[in-house]
Undergrad: 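Below you'll find the structure I mean.
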Amino acid sequence: MEITRPTSLSEALDARAQDPGADLLAGGTDLMVEVNFGLAKPEHVIALRRIDEIGEVEDRRIGAGVTWARLEESDHRALAQLSRTVGSPQIRAAGTIGGNIGTASPAGDGLPWLAAVDAEIEVASQARGTRRLRWDEFFTGVKRNALEPDEVIVAAVLPERVPSNQHFAKIGQRSAMVISTVSAVVVRDDDGSVRVALGSVAPTPIRALAAEQLINENPQPTDEVLAEFARTVSAEVTPITDHRSTESYRRHAAGVLARRLLERCLAS
Ligand SMILES: Cc1cc2nc3c(=O)[nH]c(=O)nc-3n(C[C@H](O)[C@H](O)[C@H](O)COP(=O)(O)OP(=O)(O)OC[C@H]3O[C@@H](n4cnc5c(N)ncnc54)[C@H](O)[C@@H]3O)c2cc1C
C-alpha cells in the first residue's frame, strides 16, 4: 500500500488531484475498522495528520483534523458534551470531526450538532479551490456525502452567532463506548426560539422543523405543549429497525430525548 504524507493542504490537494481514488486517512478510527473487516482495501492512502492548517479551532472554524479530545474542551456546550461520549479516550485522541463528517454515518455524534447550529462544511480541491455547503446539502444519504473525488474536507464553519444554551444527549445499548441508537441536540436562543436536530433516526442528520415551530410559537411551553412537542418530534423522524434498535423504539426515544433536552435548555 502506498502512503502519501502531505505536510500542507496544498500538498494534500495535489495528491488528491493526481489520484482521486486514494483514501484519505485522518485518525483512522472509521477507515481502519473497514480495513480490518476486509470492507476496504486501500491501495493508496493520503494521511492528513501532519497538516496543521486543518488541525486548528479558530473563531468560527473547526478544522477537519481537530480531534474529539480537543473538542471535549470546546466552549460550545453541546459540542463538548457529545465529544466526551465518542468511543474511549484512545478513540477521542485519534478520531476527528472531519472523519465523522467524511464517514457521514447516521449515527455520527457530531452531525446533529452541526445541523442544530446550521454549520457549513468547507471543502477544497486543486482544480476548483474552496466551496462551502450547508450541512443539509453536504449529507446526502446513509454514509453518503457531496464530496467530489478530488476534494478534501477542510473545516466546519459556524454561523456568526451560535446560542450558548445548547444540550446534547444520546441513547445507546449501554452507557459508555456506545454507538447512538438515537442522538439529539437542542439549541435555545435568547428570544426563546429553538432548533432541534436528531441523529440515527433518518439516513442523514435531520432537523425537527415542525417541533421547532411549535416552540417558536410557544417560547414558554406548558406541560401540554411539551407533550405535543415530543409527539411532533416522534412524528417527524423516519427511523429504521436494525441490529441496534427498532423503528418504534427509536421514534418514541427521539421525542423523549428532545423534550428532555428542551427542558434542560428552559432550566439553564
Ligand atoms: C471503538 C470505536 C468507538 C466509536 N465510537 C463512536 C461514537 O461514540 N460516536 C461517533 O460518532 N463515532 C464513533 N466511532 C467512529 C469514529 O471514531 C468517528 O466517526 C471519528 O470521528 C472518525 O474520525 P477519524 O479521524 O478517525 O476518521 P478516519 O477513519 O480517518 O476517516 C473516516 C472517513 O472520513 C474520510 N475523511 C477523513 N478526513 C477527511 C477529510 N479531511 N476530508 C475528506 N474525507 C476525510 C476518510 O477518507 C474516511 O472515509 C467509533 C469508532 C470506534 C472504532
Side-chain angles (χ1 to χ4, degrees), residues 3-4 6 8-9 11-13 15-16 19-37 39-56 61-72 79 81-114 121-125 130-131 133 138-139 143-156 168-185 199-200 205 244:
I3 303 178
T4 304
S8 67
L9 182 58
E11 277 179 30
L13 298 183
R16 192 84 159 132
D19 184 1
D23 284 280
L24 298 174
L25 178 84
T29 61
D30 276 327
L31 186 64
M32 296 313 294
V33 172
E34 295 219 330
V35 171
N36 289 343
F37 279 97
L39 300 171
K41 294 188 173 36
E43 289 175 7
H44 179 197
V45 165
I46 303 172
L48 304 174
R49 287 305 283 268
R50 289 167 184 77
I51 306 175
D52 292 342
E53 294 136 283
I54 63 167
E56 296 300 324
R61 293 168 62 84
I62 302 172
V66 175
T67 62
W68 297 116
R70 179 109 178 263
L71 292 172
E72 285 181 65
L79 179 59
Q81 289 170 338
L82 77 89
S83 300
R84 288 181 207 124
T85 77
V86 175
S88 61
Q90 295 89 336
I91 296 295
R92 296 195 289 275
T96 63
I97 191 164
N100 210 236
I101 295 168
T103 296
S105 163
D109 284 321
L111 311 190
W113 186 77
L114 297 171
I121 312 301
E122 185 174 298
V123 303
S125 67
T130 298
R131 65 184 178 122
L133 295 93
F138 185 84
F139 299 109
K143 298 196 173 182
R144 293 170 67 91
N145 63 48
L147 197 72
E148 296 290 342
D150 62 344
E151 287 179 323
V152 171
I153 301 164
V154 178
F168 164 88
K170 74 187 195 187
I171 296 174
Q173 288 172 327
R174 52 181 187 239
S175 55
M177 279 279 288
V178 67
I179 302 296
S180 293
T181 297
V182 178
S183 63
V185 172
S200 287
R244 290 201 185 101

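Index from 1, following the sequence. In listed order, ligands and their atoms are each counted from 1.
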Undergrad: List every atom of ligand 1 that sits less than 4.0 Å from any heavy atom of Val178, numbering the atoms from 1 in the order shown and giving each element.
TA: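 By the 4.0 Å cutoff, the relevant atoms are 8 (O).
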Undergrad: Measure the distance from atom 12 (N) of ligand 1 to every protein heavy atom, then report the residue, atom name and distance (to 0.1 Å) of the closest one.
TA: Asn100 ND2, 3.8 Å
Undergrad: How far is atom 5 (N) of ligand 1 from its nearest protein heavy atom, and which residue and atom is that?
TA: Gly87 N, 3.3 Å
Undergrad: Quick check: closest heavy atoms across Leu111 and Pro205, and the distance to 0.1 Å?
TA: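 That closest heavy-atom pairing would be CB-CG, 3.7 Å.
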Undergrad: Which residue and non-hydrogen atom of the protein lie closest to atom 16 (C) of ligand 1, and at what distance in Å?
TA: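 For atom 16 (C) of ligand 1, the nearest protein heavy atom comes out as Thr29 OG1, 3.2 Å.
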Undergrad: State plainly whether the residues Glu148 and Arg16 are in salt-bridge range, i.e. N to O under 4.0 Å.
TA: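 Judged by the 4.0 Å cut-off on N to carboxylate O distance, Glu148 and Arg16 do not form a salt bridge.
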Undergrad: What are the atoms of ligand 1, with element, lying closer than 4.0 Å to any heavy atom of Gly108?
TA: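 Answer for ligand 1: 11 (O).
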Undergrad: Under 4.0 angstrom from atom 49 (O) of ligand 1, is there any protein heavy atom?
TA: no
Undergrad: By number and element, which atoms of ligand 1 are closer than 4.0 Å to a non-hydrogen atom of Gly27?
TA: 24 (P), 25 (O), 26 (O), 30 (O)
Undergrad: Could you tell me which non-hydrogen atom of Met32 sits nearest to which non-hydrogen atom of Leu25, and how far apart they are?
TA: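 Shortest heavy-atom separation between Met32 and Leu25 comes out as SD-CD1, 4.2 Å.
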Undergrad: Just let me know how Val33 lines up against ligand 1, side chain, backbone, both or neither, with a heavy-atom cut-off below 4.0 Å.
TA: side chain
Undergrad: What's the shortest heavy-atom distance between Thr96 and Trp68, and which atoms?
TA: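 Smallest heavy-atom distance, with atoms named: O-NE1, 3.7 Å.
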Undergrad: Please check: side-chain N/O of Arg92 versus main-chain N/O of Thr67, any donor-acceptor pairing under 3.5 Å?
TA: no
Undergrad: Provide the closest heavy-atom pair for Leu48 versus Ala12 in the form atom of the first, atom of the second, distance.
TA: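 Nearest heavy atoms, Leu48 then Ala12: CD2-CB, 4.3 Å.
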Undergrad: Kindly identify the option in Gly99, Ala64, Gly65, Ala107 whose heavy atom sits closest to atom 27 (O) of ligand 1.
TA: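 Looking at heavy atoms only, the winner is Gly99.
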Undergrad: List the closest protein heavy-atom neighbour of atom 10 (C) of ligand 1: residue, atom name, distance to the nearest 0.1 Å.
TA: Asp109 OD2, 3.7 Å
Undergrad: Short list, please: which atoms of ligand 1 are under 4.0 Å from a heavy atom of Gly28?
TA: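 Answer, ordered by atom number: 24 (P), 26 (O), 28 (P), 29 (O), 30 (O).
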Undergrad: Counting from 1, what ligand 1 atoms have a heavy atom of Thr85 closer than 4.0 Å?
TA: 8 (O)
Undergrad: I need the atoms of ligand 1 closer than 4.0 Å to a non-hydrogen atom of Leu147, numbered in the order shown.
TA: 43 (C)
Undergrad: Specify side chain, backbone, both or neither for Ile91, according to which of its non-hydrogen atoms lie closer than 4.0 Å to ligand 1.
TA: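 For Ile91, only side-chain atoms sit under 4.0 Å from ligand 1.
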Undergrad: Show the numbers, then the answer: is there a side-chain contact (heavy atoms from CB on, under 4.5 Å) between Leu114 and Phe138?
TA: CA-CA 11 Å; Leu114 297 171; Phe138 185 84; over 6 Å; no
Undergrad: Which ligand 1 atoms does Ile153 reach within 4.0 Å, using its non-hydrogen atoms?
TA: 40 (C), 41 (N), 42 (N), 43 (C), 44 (N)
Undergrad: Determine whether any heavy atom of Leu48 lies closer than 4.0 Å to an atom of ligand 1.
TA: yes
Undergrad: I would like to know whether Asp19 and Ile46 meet side-chain contact (heavy atoms from CB on, under 4.5 Å); could you show each step before the answer?
TA: CA-CA 10 Å; Asp19 184 1; Ile46 303 172; 5.7 Å; no
Undergrad: Output the distance between atom CG (Leu82) and atom CD1 (Ile97), rounded to the nearest 0.5 Å.
TA: 7.5 Å
Undergrad: Ignoring hydrogens, just give me the one of Leu111, Asp30, Leu24 whose non-hydrogen atom is nearest atom 15 (C) of ligand 1.
TA: Asp30
Undergrad: Is the shortest distance from a heavy atom of Lys170 to ligand 1 less than 4.0 Å?
TA: yes
Undergrad: Quick one: does ligand 1 sit under 4.0 Å from the side chain of Ala26, the backbone, both or neither, non-hydrogen atoms only?
TA: both
Undergrad: Quick one: which ligand 1 atoms are inside 4.0 Å of a heavy atom on Thr103?
TA: 32 (C), 33 (C), 34 (O)
Undergrad: Do you know which two heavy atoms are closest between Ser180 and Ala107, and how far apart they sit?
TA: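 For Ser180 and Ala107, the tightest heavy-atom pair comes out as O-CB, 4.0 Å.
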Undergrad: Can you name the closest pair of heavy atoms from Phe139 and Ile101 and give their distance?
TA: CE2-O, 3.6 Å
